[in-house]
Number of protein chains: 2
Amino acid sequence: MSNETKTFDQKDEPFTVAGLRIDVLDEAFSWYIRSIDAVVSRDLDQRTAHLDVAKGKGKITTILLVDGNPGIRPSQIAEVLLRDRPATGRIIDHLVKAGDIRREADADDQRAQALYITEKGSALAQEVREIIRAQENDFFDFIPSEDREEFMRVLKRAYINMRNKLE
Amino acid sequence: MSNETKTFDQKDEPFTVAGLRIDVLDEAFSWYIRSIDAVVSRDLDQRTAHLDVAKGKGKITTILLVDGNPGIRPSQIAEVLLRDRPATGRIIDHLVKAGDIRREADADDQRAQALYITEKGSALAQEVREIIRAQENDFFDFIPSEDREEFMRVLKRAYINMRNKLE
DNA sequence: TTAAATGGTTGTGAAAAACAATCTTTTTGT
DNA sequence: ACAAAAAGATTGTTTTTCACAACCATTTAA
């Protein structure tokens, strides 16, 4: 088992993963981001396995959005999820069938729907919040608090910057 | 509802995405990471659409690993990819069929394979390197260089920390 | 010298992602 | 005012992806 764990890059030796040289990926933000996301997502699936939002890429965001923004439309959710409307519609279907949210016709626009949380969904949202906080702790608690603030700041800016480019 | 990990949000107005409140996700590293990854991955698919590594989640890493680590085994690649062996084997199949890498029997262990890059694969690896560098620039160039180093440092530590937990 | 472990492949079924087409309602242009 | 365009949402389809289980071959250990 090549179980050497480098704590940090030394000057002379290149950074390795499982003893292997990873080439340009070593200095690619995107590669670390992708790897972290893969593991965190899998972990989240396990933590939510017993809930209606399990196995989802957008269900958690959806339930929190509906809870925090009563009357929100599916198309607005799609915009946050960065997914298309069919995909978003299916996520909503799932949550409606599970009884966590309900659809109503938007008062101002007959084409659109207005989504609302149910009692059951509200309880679910609360559970989800706690799971996310717990996961954040488990994965990122090692970051010293002064680094953490800076890390979040840059991450947020990367996110905002990226969204701006999408338009 | 403690808010002690509140980062840099200004006092009265909460952070919103497309005008919507995103609840706890606002302070979740994982959420920004996931969102950024989604967009960056899609972008990468477009940039590599004309190459053998297109539409892949692990092909790029694989070709770079083989190029930088001649004789590498599939199981070692799987460990870096954080995927299981069947998935890794199929990625290798794809690249072998495309003529970018080749399999040989490992000299020391007849069960194992030793993978090597081909001429074609070497050229591909070079193209991939440039694409990744270009993408990094496009997405993360806005980060001031002093912040960038710190950002990478924390990101890398998160990655290493996460891998250590997997064992 | 069996039994267990390791390296790899094949098969399968369930989700997920991306697209196109359709339908209804609103908005826009003339 | 009316036809055309745009916006909101759904249905359908096709292609990948993902995770498991089962399997074979070789090596290592008991």
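Just so we're on the same page: letters track the sequence lines, and every chain starts at 1. Heavy-atom basis, side chains included; hydrogens, waters and symmetry copies ignored.
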Undergrad: Between B/Asp106 and B/Arg111, is there a side-chain N and carboxylate O pair less than 4.0 Å apart?
TA: no
Undergrad: Tell me if the centroids of the rings in A/Phe29 and B/Phe151 come within less than 6.0 Å of each other.
TA: yes
Undergrad: Rounded to whole angstroms, how far apart are CD on B/Gln76 and P on C/dG7?
TA: 9 Å
Undergrad: Quick test of your reading of the model: are A/Arg21 and A/Asp26 salt-bridged, counting only N-O distances below 4.0 Å?
TA: no
Undergrad: Could you tell me whether A/Arg42 and A/Asp37 have a side-chain N and a carboxylate O separated by less than 4.0 Å?
TA: no
Undergrad: In this structure, which one of B/Phe139, B/Phe142, B/Tyr32 forms a ring pair (Phe, Tyr, Trp, His ring centres under 6.0 Å) with A/Tyr159?
TA: B/Tyr32
Undergrad: Just how far, in rounded Å, is C1' of D/dC20 from CZ of A/Arg42?
TA: 14 Å
Undergrad: Can you tell me how far C1' of C/dA17 sits from CZ of B/Arg34, to the nearest Å?
TA: 16 Å
Undergrad: Supply the atom-to-atom distance B/Ile160 CD1 to A/Ser35 OG, rounded to the nearest 0.5 angstrom.
TA: 11.5 Å
Undergrad: Do NZ/NE/NH1/NH2 and the carboxylate oxygens of B/Asp138 and B/Arg47 come within less than 4.0 Å?
TA: yes
Undergrad: Between B/Arg73 and B/Leu115, what is the shortest heavy-atom contact and its length?
TA: C-CD1, 4.5 Å
Undergrad: Measure CG/B/Asp43 against C1'/C/dA18 and give the value in whole Å, please.
TA: 16 Å
Undergrad: In whole Å, what is the span from the CZ atom of A/Arg73 to the P atom of D/dT10?
TA: 13 Å
Undergrad: Using atom NZ of A/Lys57 as one end and atom P of D/dT16 as the other, report the distance to the nearest whole Å.
TA: 19 Å
Undergrad: May I ask you to evaluate whether A/Ser75 reaches the phosphate of D/dA7, defined as a side-chain N or O under 4.0 Å from OP1 or OP2?
TA: no
Undergrad: Check each residue of residues 102-116 of chain B for a non-hydrogen atom within less than 4.0 Å of any atom in DNA chain C, then write out the ones that pass by number, or none.
TA: B/Arg103, B/Arg111, B/Ala112, B/Gln113
Undergrad: Contacts to DNA chain C from residues 81-94 of chain B, heavy-atom cutoff under 4.0 Å, which residues?
TA: B/Arg85, B/Pro86, B/Gly89, B/Arg90
Undergrad: Report for the helix from C/dT1-D/dA30 to C/dT30-D/dA1: angle between first-end and last-end helix axes, five pairs each, rounded to 10 degrees.
TA: 30°
